[in-house]
There are 2 protein chains.
Amino acid sequence: MIIVINMSKKPLTARKNCDCRATRRGARREAVLDVLTSGPGHLSAEEIYRAARKRVPKIGIATVYRALRCLCSCGKAAEFIPADGVARYEPAGSRAHHDHLICTSCGSFLEAVDPEIERLQGRLAARHGFRISSHKLEIYGLCAGCAGTGAARGALRRRARIVE
Amino acid sequence: MIIVINMSKKPLTARKNCDCRATRRGARREAVLDVLTSGPGHLSAEEIYRAARKRVPKIGIATVYRALRCLCSCGKAAEFIPADGVARYEPAGSRAHHDHLICTSCGSFLEAVDPEIERLQGRLAARHGFRISSHKLEIYGLCAGCAGTGAARGALRRRARIVE
DNA sequence: GACATATTGATAACGATTATCATTATCACA
DNA sequence: TGTGATAATGATAATCGTTATCAATATGTC
Ligand SMILES: [Mn+2]
Ligand SMILES: [Mn+2]
Ligand SMILES: [Zn+2]
Ligand SMILES: [Zn+2]
């Protein structure tokens, strides 16, 4: 795949009209995309940098940030910023939208979607004449494992990545 | 009111068992609380600093941050971090929970709550054995004014701060 | 007033991210 | 296959919001 950096200074939110154009190909940005799609997801730039160096040892962190900007810009990756203020990245485009349940104990990210919540957000916005372009729902608390209840362990056993 | 700094390094989320104890009183932290409760809300630390200096000209930004930490720690203020990563503060305690509709055009914050969405979040979490401690719902898009439709202006006219 | 100590503000430090810029890698084409 | 244009890279400086440090000051108690 050919990946080209979008050098604009705009935020990293995915855009429809990405100005990425195929020009030259290199191993570094491929490595970043690789880490993103094959890794556990929800990685920080620093974590992606460390993983990418195992494939391309001479890669610099600046290139990782540039690649992430490009990937977000053309919708192949998504950036989100949890409460600690450190941006995290996950593959996008081929994946459905989802929200995050973030464990404040072990730091794990659980992905989930409730179509009813999604729908009601539209209704809430409409009530205020607000035109939604995106939304961010993050639920903080204890994951099943850290809560440690029987019901919790049951839910953990299911181990669903995206569950309605 | 007496306000005492909580010097802990924990995050600024409001806690039930705040270790704030009344010991000494000063004008600076009062000024910060004043700005917080009398201002337009959703101010950044820098904005609060500028406003506080009109009341206490010699106040330093460090004191503003310290006061905000204290106020959040004992539940008199709430901190939240939108997509731009810059923390913003609003009075809390006497105010009900609400979510934010954030206009990406004019930067305004509209407050809203949908009890049904709140309820469904609990259901979603329960489905994963997740024990919620807090959540953050931010909806990004165009406010009524910036969207510029007729219906939008109607909604704007209502000018509700918190609407179900 | 004298003391203990809580609070303050100037400023250094910090961490994540971005900008700079000289060097290197890639492509189009002769 | 060589060559020139230029896209991409990485080391590093800069930036920005926030926190830590620390000497000076303010406050409460006796
Ligand atoms: Mn995710
Ligand atoms: Mn608010
Ligand atoms: Zn956990
Ligand atoms: Zn607006």
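Each chain gets a letter, A, B and so on, in the order the sequences are listed, and its residues count up from 1.
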- Item | Protein-nucleotide distance (B:Glu47, atom CD; D:dC16, atom C1'), rounded to Å | 15 Å

- Task: List for me each residue that meets salt bridge (charged side-chain N to carboxylate O under 4.0 Å, His left out) alongside B:Arg88, sequence neighbours excluded, and say none if there are none.
- Result: B:Glu47

- For the pair B:Arg28 and B:Glu30, evaluate side chain to side chain contact (heavy atoms under 4.5 Å, CB included) and give the outcome as yes or no after the intermediate values. CA-CA 5 Å; B:Arg28 343 258 142 166; B:Glu30 305 271 359; over 6 Å; no

- Message: Measure CZ/B:Arg53 against P/C:dG9 and give the value in whole Å, please.
- Response: 11 Å

- Note on the structure: B:Glu30 CD to C:dA6 C1', in whole Å, measures 15 Å

- salt bridge (charged side-chain N to carboxylate O under 4.0 Å, His left out) filter on A:Asp34, not counting sequence neighbours, yields A:Arg55

- Task: Round to a whole Å and report the spacing from CG of B:Leu68 to C1' of D:dG17.
- Result: 13 Å

- Task: May I have the distance from B:Ile59 (atom CD1) to D:dA26 (atom C1'), rounded to whole angstrom?
- Result: 15 Å

- Message: Taking salt bridge (charged side-chain N to carboxylate O under 4.0 Å, His left out) as the definition, give me every residue that meets it alongside B:Glu116, ordered by chain and number, with sequence neighbours left out.
- Response: B:Arg119

- B:Arg53: what forms a salt bridge (charged side-chain N to carboxylate O under 4.0 Å, His left out) with it, not counting sequence neighbours? none

Within the sub-3.5 Å range, which N or O atoms of nucleotides 14-17 of chain C have a protein N or O partner, and how far apart are they?
| unit_1 | atom_1 | unit_2 | atom_2 | d |
| --- | --- | --- | --- | --- |
| C:dT17 | OP1 | A:Ala87 | N | 3.0 |
| C:dT17 | OP2 | A:Tyr65 | OH | 2.5 |
| C:dT17 | O5' | A:Tyr65 | OH | 3.3 |

- Query: Within this structure, what is the CZ-to-P distance between B:Arg29 and D:dA26, rounded to whole angstrom?
  - Reply: 15 Å

- Measure from CZ on A:Arg66 to P on C:dT20 and round the result to the nearest Å. 12 Å

- Message: Counting only side-chain nitrogens and oxygens, does B:Arg28 get under 4.0 Å of the OP1 or OP2 atom of C:dG9?
- Response: yes

- Message: Under the rule for side-chain contact (heavy atoms from CB on, under 4.5 Å), what residues qualify as partners of B:Ala83, not counting sequence neighbours?
- Response: B:Tyr140

- Query: Between C:dT23 atom C1' and A:Lys58 atom NZ, what is the distance in whole Å?
  - Reply: 13 Å

